[in-house]
Amino acid sequence: MKNNLTEILRRIAEAKAKYRSPDEEIRLMAVTKTVDPDKINFAVDEGVSLLGENRVQEYLSKKDSYDKTAEVHFIGHLQTNKVKYIIDSVSMIQSVDSLKLASEIDRHAQKVGRIMDILIEVNIGDEETKSGIDSGALKELALEIAKLGNIRLRGLMAIPPIGADESVFEEMHKLYEELKGMGDELPNAQIDTLSMGMSGDYELAIKHGSTLVRIGSGLFGARNYNV
Ligand SMILES: *Cc1c(COP(=O)(O)O)cnc(C)c1O
């Protein structure tokens, strides 16, 4: 795994040097689904500072074993009735795709006295099976979400279809820049995060404006869903 990490960091640095300006930060997230806490802590020891969680149940069963220095973002499909279980232990929810979910996050954030950072998940490939909102509905949702007092909208998350054409990444970058350009129209927002890129496409995502790449199998190896 250490070799995988070294290689990933090298390729991120290389893509950044090629396509981006030196002062931009690109964060690496380790996606932990099905991964043993020991392995996760090893990655944190080696310098990974951000973990991505997909499933509430799995996260709750593992989180007490995690190295406390790591920051955690929720990245999976989130049911409104599960918000309360993660509201005080994650620092961002990247998978917000409805006003209903955003309102529930806002309500629980208020209860525990915090502001929750969120991203809106866009279904950029228009895939029926994927979560995320249609790109055409993005602006309207962002305007509604930005009114909520206990949420801070930080940007967008996307899972482009496997083998997606480069134009899909370009489209996502364009949506992100448009959101940034909305400025004062989004009162409680601070748009600085485009979460895009996984093990198979992170260099392409970095080429097209990603600020945060989410790597699972490329770091930890193939997932074993039987454990
Ligand atoms: C599993 C997952 C990833 C990581 O996928 P890999 O291809 O294993 O790198 C990234 N983002 C989300 C939302 C995921 O569910």
Side-chain angles (χ1 to χ4, degrees), residues 1-12 15 26-37 39-40 42-44 46 48-60 62-63 66 70-79 82-83 86 90-98 101 105 117-133 135 154-164 168-169 172 175-176 193-227:
M1 193 221 300
K2 193 167 172 176
N3 291 338
N4 292 345
L5 179 61
T6 306
E7 177 67 7
I8 290 164
L9 291 173
R10 190 189 63 73
R11 284 171 59 183
I12 289 174
I26 295 165
R27 285 194 86 182
L28 168 64
M29 164 190 280
V31 176
T32 65
K33 57 183 182 264
T34 78
V35 180
D36 198 77
K39 273 188 159 183
I40 296 165
F42 181 80
V44 174
E46 293 296 326
V48 173
S49 63
L50 177 61
L51 307 176
E53 295 291 327
N54 281 78
R55 303 168 182 155
V56 172
Q57 215 54 47
E58 181 181 342
Y59 170 53
L60 295 178
K62 287 174 14 181
K63 82 186 211 331
Y66 287 176
E71 186 184 346
V72 177
H73 289 181
F74 195 79
I75 61 172
H77 179 69
L78 182 59
Q79 290 171 282
K82 302 262 173 75
V83 171
I86 64 166
V90 305
S91 64
M92 187 187 282
I93 298 175
Q94 296 201 356
S95 43
V96 175
D97 61 358
S98 70
L101 177 58
I105 294 168
D117 283 331
I118 67 145
L119 303 180
I120 296 177
E121 182 177 352
V122 179
N123 183 0
I124 194 64
D126 290 329
E127 294 175 287
E128 277 182 24
T129 54
K130 288 248 177 88
S131 42
I133 60 147
S135 52
R154 297 283 300 271
L156 302 175
M157 189 267 261
I159 310 173
I162 294 166
V168 172
F169 294 80
M172 204 52 219
L175 291 173
Y176 175 63
T193 306
L194 176 57
S195 172
M196 176 166 78
M198 318 204 314
S199 298
D201 60 15
Y202 63 94
E203 286 148 306
L204 196 54
I206 290 170
K207 180 177 175 186
H208 295 289
S210 171
T211 69
L212 190 162
V213 294
R214 309 178 310 265
I215 314 277
S217 51
L219 178 61
F220 295 116
R223 279 183 283 280
N224 179 359
Y225 283 102
N226 297 319
V227 292

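Because the structure is predicted, anything quoted here is derived from the model rather than measured. Atoms within a ligand are numbered from 1 in the order they appear, just like the ligands themselves. Every heavy atom of this structure was used, including side-chain atoms; hydrogens, water molecules and symmetry mates were not.
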*Mind checking whether V56 and F74 have side chains closer than 4.5 Å, heavy atoms only?*
yes
*Under 3.5 Å, is there a donor-acceptor pair linking the side chains of Q79 and H77?*
no
_Options G76, S217, S195, ranked by nearest heavy atom to atom 8 (O) of ligand 1, top entry_ = S217
*Can you tell me if T32 and E53 form a side-chain donor-acceptor pair at under 3.5 Å?*
yes
*Could you list the atoms of ligand 1 found under 4.0 angstrom from a heavy atom of I215?*
9 (O)
*Please say whether I75 places an N or O atom under 3.5 Å from an N or O atom belonging to ligand 1.*
no
*Quick one: do K2 and E46 make a salt bridge, cutoff under 4.0 Å?*
yes
*asked:* For the backbone of E203 and the side chain of R11, can you confirm whether one donor and one acceptor N or O come within less than 3.5 Å of each other?
replied: no
*Using non-hydrogen atoms of the residue, decide whether R223 is closer than 4.0 angstrom to ligand 1.*
yes
*asked:* I need the contact type for I159 against ligand 1. Using non-hydrogen atoms and a strict under-4.0 Å cut-off, is it side chain, backbone, both or neither?
replied: side chain
*Of all the atoms in ligand 1, which lie at a distance below 4.0 Å from a heavy atom belonging to K33?*
1 (C), 2 (C), 3 (C), 14 (C), 15 (O)
*Checking side chain to side chain contact (heavy atoms under 4.5 Å, CB included) for the pair N4/I215: CA distance, chi angles, key distance, verdict?*
CA-CA 11 Å; N4 292 345; I215 314 277; over 6 Å; no
*For N54, take its heavy atoms, then give the atoms of ligand 1 lying under 4.0 Å from any of them.*
14 (C), 15 (O)
